[in-house]
Every structure is written in C-alpha cells, then in structure tokens.
Asker: 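Attaching a single structure in structure tokens format; questions to follow.
Sequence lines set the chain letters: A, B, ... in the order given, protein chains first and strands last, and positions in each chain run from 1.
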Amino acid sequence: MSEEKESLNFIEHIIEDDLSSTHGIDDLRFRFPPEPNGYLHIGHASSICLNFGLGLKYDAPVNLRFDDTNPAKEEQEFVDAIKTDIEWLGFKWAEERYASDYFQQLYDWAVQLIKDGKAYVDSQTSIAIAEQKGTPTSPGTNSPFRNRPIEESLELFEQMKNGTAAEGAHVLRAKIDMSSGNMLMRDPVMYRSLHKSHHRTGTDWKIFPMYDWTHGESDYIEQVTHSFCTLEFLPHRELYNWFLDQVYSNDKIRPKQREFARRNLSHTVVSKRKLARLVEEGVVTGWDDPRMPTISGLRRRGYTPASIRNFADSIGVGKRENLIDVSHLEYNIREDLNKKADRVMVVLDPVKLVIDNYPEGETEWLEAENNQEDENAGSRQVPFSKNLFIERNDFKEEANRKYFRLSLGREVRLKNGYIIKGESVVKDAEGNITEIHCTYDPDSKSGSGTEASMRKVKGTLHWVSAEHALPVEVRLYDRLFTEASPDTHKEKDFMEFINPNSLEVITGYAEPSLKELRPEDKVQFQRLGYFVVDKDSTSNSIIFNRTVPLRDSWKKIAED
RNA sequence: UGGCCCAUGGUGUAAUUGGUAACACUCCGGUUUUUGGUGCCGUCAUUCAAGGUUCGAGUCCUUGUGGGCCAACCA
C-alpha cells in the first residue's frame, strides 16, 4: 500500500467536499444514462469510465439507466448493444433501470403540478410556442393558454394521456418565467403526445415526458447523489433544480447535476448523425467497422478494454474545450498489447530469399520465444528452410551506414535463426528484384551458445519459410480522417476530409502457427505492429486487422 | 445585442486551496536491445494580455482578448 498523495480531478473534489460536509460515504450513488438510440462510442466510453470509475473508487453503486422517453428514436436493439459494450469494457452496474419505469410516478407528479398551478396545457402549435419563446437577448411572451383554468388543464392532460386528443394537439408546460434570461426556464414543455409504440411500455402511454422533466426526477427516484453530464447541459441545471424543488422531500437525498467537458478525439467524428452518414454512404462497412470510433469498432480493431479504460483515466476530465490526439489512444493500446501479445512472424510485402549454402529440401524447426516481455508466454517452433520470404524493404543492393538491414556483402540476423550475408540478386526485365541470394553461417544459430551465435550484427529481420508460409488476408487500417478535427471547419463538410487510404487489403505470408488463432486473438507481427483476428475469418482463411503499427523510428530516417 | 462557462508547454491533465509550475502523451537527442519495438536517461512553459491586492499570485480582484454554450413537442 502506497500512501502517495493522489491528485484529484474537479469531479472528485466536488465529491470530497460533499463527503466532508453533507454526505456520508454510504450515500454515494451514480448513474450512466444512455439514450438507446444508437451505438456507444469512445466519448461514451469516457463517461462510462468516469461514472463507473467513481463507483469503484468510492465503492458506490452505479445504475445503468436508459433514458428512453422518445419512442420515435429508441429501440431494444440499442439497449442490448449498449449493455454488451459496457460489460465488455469490464463494468458492472448495480441496477438496470429505465426512465420508462417511472412514467406513472412522473405522471402523478405532473398532475400535482397542474393542481398547484405550476403547469398548464398549451394548445398551440409548436411553431407558435417557438415564436413566443423569444431569443437569448429578448424575453418571450406568455401563451394565451397560460392562465387556463386548472380543471381544464387537468381534463385536457387526461385526454392527452388517453389518446382521445389528437396527437400533437396539446403539450403540458411548466409555468415558470417567460422572461427568464435562461431560455430553458421559459415555460418548458414537460409532455408531448406521441401515438407510437414504445419499446418497453408498448401502447400503454400516449404521452411521453421530456428530458428535463425526466432526468432529474429519475435521479431523485434512484437517490443518485451526483448526476454528471456534459457541459452543454449546464444551462439545464437551473431547470433540473426547479423541477426537483417541486417534488423534493428533505429527508431524501437531493441529487446534484454537475457538468464536465466532453472529450474529443482527433482524426474522427463522434456524433451519431455523422457516424450514421459514414455507414449510409458506404465509407465504412458498418457501425463496427474497425475504423469507427464506436466501442464495437474499437473492439474489432483490436483495442482491449484495459487500453480504453487506461486511456480514459489518463486523459482526465476538465471543463475546457479539448481535442485529444489519437496518439494518446494508440499509446495505450501499444502499452497493453506489448505485455500481452505473442510475437509472430508475418511478411507483408514478400521478396524471395535463397540461402545458397543451405541444404535443398531440408526443414529445421527453430525455437522462438513468444513474448520477451512475458516470461510465462513460452515458446513455439518455427520452420526454417533454404527458400524464405523477407520484406522487400528489408533489402537494398547498396546502402549507407544508417541502413541496418540486408544488402550485398553485409550481414544481418534472421530472427530466431542464423546470420546471413547478402551475395547477389536476380532481376526481371524491368529491373525489379525477384530473388535475393545469400549465404548463412551454420555456427550462428540463435540460442546455440556458440561463439558465432553471440556475434553482434546490427540488423535483425523477420522472415517466413516459403514452402511453409500460410497466406492470410491482412487489412491495414489507418485513421479515417486526414484532419485532426474534421467537423469543426466552418466552410467544409467533414466528408471532405476522409482519408482515401484508411484501408488497404493485402495478402501476407505467415508462419504456420497462426492457423490456430481464433477471432479476437491479438498478436504482434514482429517489427510491424499489432494485429487482431477478424470475426470474418473462417477455418481455412484467416483475416487480420491491423490495430496499430509499432512505433517506427526508422521511417523518419529513411525519408531523409 | 444579452446571459452563462472556460483560458497552464505541441496535446491532455495537476499544483498541499496564496508559498515559487508536476505527471502522461507527442517531438527531438542519447543509451540498451536477436523487434530501428520495449526499457532507461535527457531537452522543450514563468501559467492569454494589462493593471491591482499581497512579503509572496497559475491560484484573489478589475478590464480586455480569445474560445465555447443558450431560441427542438431531441437527449
């Protein structure tokens, strides 16, 4: 147990302050409140990690509450997908709740508000109501129905509820202040009538509560102490509190809403509408395309739950606008996989390498360490023979001092194998290299302990035996957008910044051990990057998705 | 035009609540290495600006500048 002084973010400061004044540690309760109208993305992941992380830190319950007040947009399919994603991230909710569980209570409270003269039925069109709302700089005007008799409001509200009134003919509004500086306080709509089937309540209800009327009261019903949301809800806080005042009993916990800045990731977009466009216009293959910033997309890309959680924790939380560079995310997946992923050899851009002094037709099984970062990872056997494949860019006929790879007259080590020396090349009519010939030092076998095997050579190459090679499909993914912040340009549509090279599909040649892998298995292609087996793989054709390349300090030197 | 929120290195956060700028990422050097990976070491800010209060200000006050949010029967 270390006693290091940890620094707190502003959310934790709020909780600590409450803990030292008004709240007991056992009072604490949080919630994650998604609307089931789409798939969760990396932004939600941050919020999930924040709320559930707080639950873990304070040993407090965290409810999963679906904010399902709009039957026009919400579906069971999304409920299921959201639950799957949260579980995959590794979090457990205390209780699964739905705002629709509270429709009756909300209705009863609303009736009471009407009776108290604090709410009224407005029978105007939405356009008229919008016009009377005023603007941020000018006050609104009262609805002609604002002072309609309580009995009349009660009766109309009843008709709305029963569906005997036409859909959309009336709304219930809170009677607050049409001249408030806060637009949300200008008699906000509490209920609208919608004659649509709801994914849970079916056709029982013809009226549905609005977000503001629902959210705070739901927090109150669940006795949530801290209701964290993003900054754009800050103006809603006044209304959140006003609604709470109408039902609050002071022997109960009074929830408080506090706001944090949503965390934006560079080189992607995250709004549901924009993500939907990427799917609809065929830029990606679906919501779980490995280039999508959805949780399911990241999962298919090869990201681990731990890497996403560590990412969320490490970027912290604040109140200012931000744009977090994807390199933060990439760092976290590399860090996680570096410890967990077995190293394997796969050649992506092959050129034939012939070892002239190696016996024809012989196969030698070499021992290869699975992961030098993990002592318990064990080892495997890799076939070696006279004819190999190496990467085309691992050879140059002539090279300068900075080039550590194979060239004529120079030596390199074949990983887990022998030291070889470049001897000659064979070219086709166009001058392309079709074959490289080399000789090997039979005493230099890796791990043999001989003096020759201990020799230091500058370069080490990965390789694969040509006759044993397993062809695999490899999908090389890159960032989806060429711009750090594609959707904040005033004049340009985010679609203009799509990276035309975000996916390249090639055939790679893998060492035979890879045929044992299953979907979602993650490996490091030695010297290349981290890859994951895609779910589209079949028993006789394996597909790999590139999660992220290894850092490459050679690339920069080579470009000079 | 009004109200509210925000402002710390290239990026994201921190600073014992007024005590002399910390952590991570990136970048660039160096070192280790049978992955040009990993690891290790090092360089990169006086805190938007100008005033003020104070022995002392990133923390408090004033003004300015810049950015964000606010007019859905969405959440």
Asker: State whether a side-chain donor-acceptor pair under 3.5 Å links Glu330(A) with Tyr303(A).
Answerer: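 Side chains of Glu330(A) and Tyr303(A): no pair found under 3.5 Å.
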Asker: With a 4.0 Å limit, can you tell me whether Thr69(A) has a side-chain N or O closer than that to the phosphate oxygens OP1/OP2 of rA75(B)?
Answerer: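 It does, given that an N or O in the side chain of Thr69(A) lies less than 4.0 Å from OP1 or OP2 of rA75(B).
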Asker: Determine, for Glu12(A) against Lys57(A), whether the closest basic-nitrogen to carboxylate-oxygen distance falls under 4.0 angstrom.
Answerer: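 Yes, this pair counts.
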Asker: Relative to Phe32(A), does Arg65(A) satisfy both conditions: NZ or CZ under 6.0 angstrom from the six-membered ring centre, and within 45 degrees of the ring's axis?
Answerer: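 Arg65(A) over Phe32(A) ring: no.
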Asker: For rA7(B) and rC48(B), measure between their C1' atoms and round to the nearest Å.
Answerer: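 That atom pair is separated by 7 Å.
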Asker: I'd like to check, for Tyr331(A), whether its ring lies over the base of rA24(B) with centroids under 5.5 Å apart and a plane angle smaller than 30°.
Answerer: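 It does not: the ring fails the test against the base of rA24(B).
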Asker: What is the ring orientation for His198(A) with Phe208(A), classed by angle as parallel under 30°, tilted 30 to 60°, or perpendicular over 60°?
Answerer: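 His198(A) and Phe208(A): parallel rings.
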Asker: Check whether the side chain of Glu335(A) and the base of rU38(B) form a donor-acceptor pair under 3.5 Å.
Answerer: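 Absent.
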Asker: What is the minimum heavy-atom distance between Ser465(A) and Leu388(A), and which atoms define it?
Answerer: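 Closest pair (atom of Ser465(A), atom of Leu388(A), distance): CA-CD2, 3.7 Å.
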Asker: Within less than 4.0 Å of OP1 or OP2 of rU34(B), is there a side-chain N or O belonging to Lys456(A)?
Answerer: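 Answer yes for this pair, as a side-chain N or O of Lys456(A) is under 4.0 Å from OP1 or OP2.
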Asker: Under 4.0 Å from any atom of RNA chain B, heavy atoms only: list the residues of residues 186-193 of chain A that qualify, in numerical order.
Answerer: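 Result for residues 186-193 of chain A: Val189(A), Arg192(A), sorted by number.
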Asker: What's Glu131(A) touching, base or sugar-phosphate or nothing? Going by heavy atoms closer than 4.0 Å.
Answerer: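 Nothing, no heavy atom under 4.0 Å.
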Asker: Requiring both pairing distances under 3.5 angstrom, list the stems that contain RNA chain B and are made of three or more consecutive Watson-Crick or G-U pairs.
Answerer: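 If one scans RNA chain B for consecutive Watson-Crick or G-U pairs, the stems found are B:2-7 with B:65-70, B:10-13 with B:22-25, B:28-31 with B:39-42, B:48-52 with B:60-64.
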Asker: Record whether the side chain of Arg527(A) comes under 3.5 Å of the base of rU35(B) through a donor-acceptor pair of N or O atoms.
Answerer: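 No, no donor-acceptor pair under 3.5 Å.
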Asker: Looking only at heavy atoms, which two atoms of Pro144(A) and Gln124(A) are closest? And how far apart?
Answerer: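 Taking every non-hydrogen atom into account, CD-OE1, 3.5 Å.
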Asker: Can you see if the side chain of Arg551(A) gets near the phosphate of rC27(B) - specifically, an N or O under 4.0 Å from OP1 or OP2?
Answerer: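 So the side chain of Arg551(A) is within the cut-off, an N or O lying under 4.0 Å from OP1 or OP2 of rC27(B).
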Asker: Rounding to a whole Å, what distance do you find between Glu391(A):CD and rG36(B):P?
Answerer: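 After rounding, the gap between these two atoms is 12 Å.
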Asker: Closest-nucleotide mapping onto RNA chain B: is Gln526(A) or Glu232(A) further toward the 5' terminus? I mean the 5' end.
Answerer: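 Between the two, 5'-proximity favours Gln526(A).
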Asker: Taking the nucleotide of RNA chain B with the nearest heavy atom to each, does Asn338(A) or Asn70(A) sit closer to the 5' end?
Answerer: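 Counting from the 5' end, the first nearest nucleotide belongs to Asn338(A).
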Asker: Would you classify Gly447(A) as touching base, sugar-phosphate or nothing, given that sugar-phosphate means primed atoms plus P, OP1 and OP2, and contacts are heavy atoms under 4.0 Å?
Answerer: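 Base, at least one base heavy atom under 4.0 Å.
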Asker: Starting at CZ of Phe233(A) and ending at P of rA72(B), how long is that distance when rounded to a whole Å?
Answerer: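 Distance, rounded to whole Å: 15 Å.
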Asker: Quote, to the nearest angstrom, the C1' distance that separates rA57(B) from rG51(B).
Answerer: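 After rounding to an integer number of Å, I get 14 Å for this pair.
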Asker: Specify the separation, in whole Å, of atom CD of Glu16(A) and atom P of rU16(B).
Answerer: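 Atom CD in Glu16(A) sits about 14 Å away from atom P in rU16(B).
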Asker: Pick the C1' atom in rA14(B) and in rU47(B), then give their distance to the nearest Å.
Answerer: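 It works out to 12 Å between them.
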Asker: Any N or O donor-acceptor pair under 3.5 Å from the base of rU17(B) to the side chain of His13(A)?
Answerer: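 It does, because a donor-acceptor pair links the side chain of His13(A) to the base of rU17(B) below 3.5 Å.
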Asker: May I ask you to check if Lys522(A) and Phe531(A) form a cation-pi contact, with NZ or CZ under 6.0 angstrom from the six-membered ring centre and within 45° of the axis?
Answerer: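 No - Lys522(A) does not lie over the ring of Phe531(A) by the 6.0 Å and 45° rule.
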Asker: Between rC4(B), rG36(B), rU35(B), which nucleotide gets closest to the side-chain atoms of Lys415(A)?
Answerer: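 Per side-chain heavy atoms of Lys415(A), the pick is rU35(B).
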Asker: Nearest to the side chain of Ser553(A) - rG2(B), rA75(B), rG37(B)?
Answerer: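 Shortest atom-to-atom distance from the side chain points to rG37(B).
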Asker: For rU32(B) and rC40(B), measure between their C1' atoms and round to the nearest Å.
Answerer: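 Looking at atom C1' only, rU32(B) and rC40(B) are 8 Å apart.
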Asker: Whole angstrom is fine here: how far is it from CG in Asn416(A) over to P in rG37(B)?
Answerer: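 Atom-to-atom, Asn416(A) to rG37(B), this comes out as 18 Å.
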Asker: Would you measure the distance from the P atom in rA24(B) across to the matching atom in rG56(B) and give it in whole Å?
Answerer: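 Pairwise P distance, rA24(B) against rG56(B), rounds to 34 Å.
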Asker: Using a strict threshold of under 4.0 Å (side-chain N to carboxylate O), is an ion pair present between Arg237(A) and Glu259(A)?
Answerer: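 Between Arg237(A) and Glu259(A) there is a salt bridge, with a charged N closer than 4.0 Å to a carboxylate O.
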Asker: For rU38(B) and rU26(B), measure between their P atoms and round to the nearest Å.
Answerer: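 Roughly 8 Å separates the two P atoms.
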Asker: If you measure from the P atom in rC23(B) to the same atom in rG2(B), how many Å do you get, rounded?
Answerer: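 rC23(B) and rG2(B) have their P atoms separated by 44 Å.
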Asker: Could you state the atom-to-atom distance from CG of Leu194(A) to P of rA72(B) in whole Å?
Answerer: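 Between P of rA72(B) and CG of Leu194(A): 17 Å.
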Asker: Compare the minimum distances between each of rU1(B), rU35(B), rA71(B) and the side chain of Thr137(A), then state the nucleotide with the smallest one.
Answerer: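 The closest nucleotide is rU1(B).
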Asker: Name the orientation of the base relative to the sugar in rU43(B): syn if the glycosidic angle is within 90° of 0, else anti.
Answerer: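 This nucleotide is in anti.
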Asker: Which atom pairs link the protein and nucleotides 10-13 of chain B when you take only N or O atoms and keep those under 3.5 Å?
Answerer:
residue: rU11(B); atom: O3'; partner: Leu323(A); partner atom: O; Å: 3.3
residue: rU11(B); atom: O2'; partner: Leu323(A); partner atom: O; Å: 3.3
residue: rU11(B); atom: O2; partner: His328(A); partner atom: NE2; Å: 3.2
residue: rG12(B); atom: OP1; partner: Leu323(A); partner atom: N; Å: 3.2
residue: rG12(B); atom: O2'; partner: Ile315(A); partner atom: O; Å: 2.6

Asker: Distance only, no hydrogens: is a donor on one side chain within 3.5 Å (strictly under) of an acceptor on the other, for Ser446(A) and Arg413(A)?
Answerer: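 Yes.
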Asker: Tyr211(A) stacking on rA75(B): centroids under 5.5 Å, ring planes under 30°?
Answerer: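 No, aromatic ring not over the base.
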Asker: Taking N and O atoms by type only, does the side chain of Ser446(A) place a donor or acceptor under 3.5 Å from a partner on the base of rU34(B)?
Answerer: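 Answer is yes: a donor-acceptor pair is held.
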Asker: Around Lys421(A), counting heavy atoms of other residues, nucleotides and ligands shown, do more than 12 lie under 6.0 Å from its NZ?
Answerer: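 Result for NZ/Lys421(A): open.
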Asker: Quick one, Asp187(A) with Tyr120(A), criterion side-chain hydrogen bond (donor to acceptor under 3.5 Å, both in side chains). Give me CA distance, side-chain angles, the key distance, then yes/no.
Answerer: CA-CA 9 Å; Asp187(A) 289 12; Tyr120(A) 61 97; 2.6 Å; yes
Asker: Would Glu131(A) and Ile127(A) count as a side-chain contact (heavy atoms from CB on, under 4.5 Å) here? Give the steps.
Answerer: CA-CA 6 Å; Glu131(A) 280 169 355; Ile127(A) 297 155; 3.9 Å; yes
Asker: Any base atoms under 4.0 Å from Leu8(A), or only sugar-phosphate, or nothing? Heavy atoms, all strands.
Answerer: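 Sugar-phosphate only.
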Asker: Using atom CZ of Arg343(A) as one end and atom C1' of rG37(B) as the other, report the distance to the nearest whole Å.
Answerer: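 After rounding, the reported distance stands at 8 Å.
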Asker: The side chain of Ser7(A) is closest to which nucleotide in this list: rG36(B), rA14(B), rA75(B)?
Answerer: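 The answer is rA14(B).
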Asker: Regarding Lys161(A) and the six-membered ring of Trp205(A), is the cationic atom NZ or CZ under 6.0 Å from the ring centre and inside 45° of its axis?
Answerer: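 That pair qualifies as a cation-pi contact.
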Asker: Could you tell me whether Glu373(A) contacts a base, only the sugar-phosphate backbone, or nothing, with contacts defined as non-hydrogen atoms closer than 4.0 Å?
Answerer: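 Since a base atom lies under 4.0 Å of Glu373(A), the category is base.
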Asker: In whole angstrom, give me the gap between the C1' atoms of rC6(B) and rU59(B).
Answerer: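 After rounding to an integer number of Å, I get 15 Å for this pair.
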Asker: Could you state the atom-to-atom distance from CZ of Phe157(A) to C1' of rC73(B) in whole Å?
Answerer: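 Rounded to whole Å, this separation is 13 Å.
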Asker: Can you measure from CG (Leu275(A)) to OG1 (Thr268(A)) and round to the nearest 0.5 angstrom?
Answerer: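 Leu275(A) atom CG to Thr268(A) atom OG1 measures 6.5 Å (nearest 0.5 Å).
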Asker: Check if the side chain of His236(A) and the base of rA75(B) share a donor-acceptor pair of N or O atoms closer than 3.5 Å.
Answerer: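 Indeed there is one.
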Asker: Looking only at side chains, do Lys206(A) and Asn162(A) share a donor and an acceptor under 3.5 Å apart?
Answerer: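 There is no such pair between these side chains.
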Asker: Specify the separation, in whole Å, of atom CG of Leu337(A) and atom C1' of rU38(B).
Answerer: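 That distance rounds to 13 Å.
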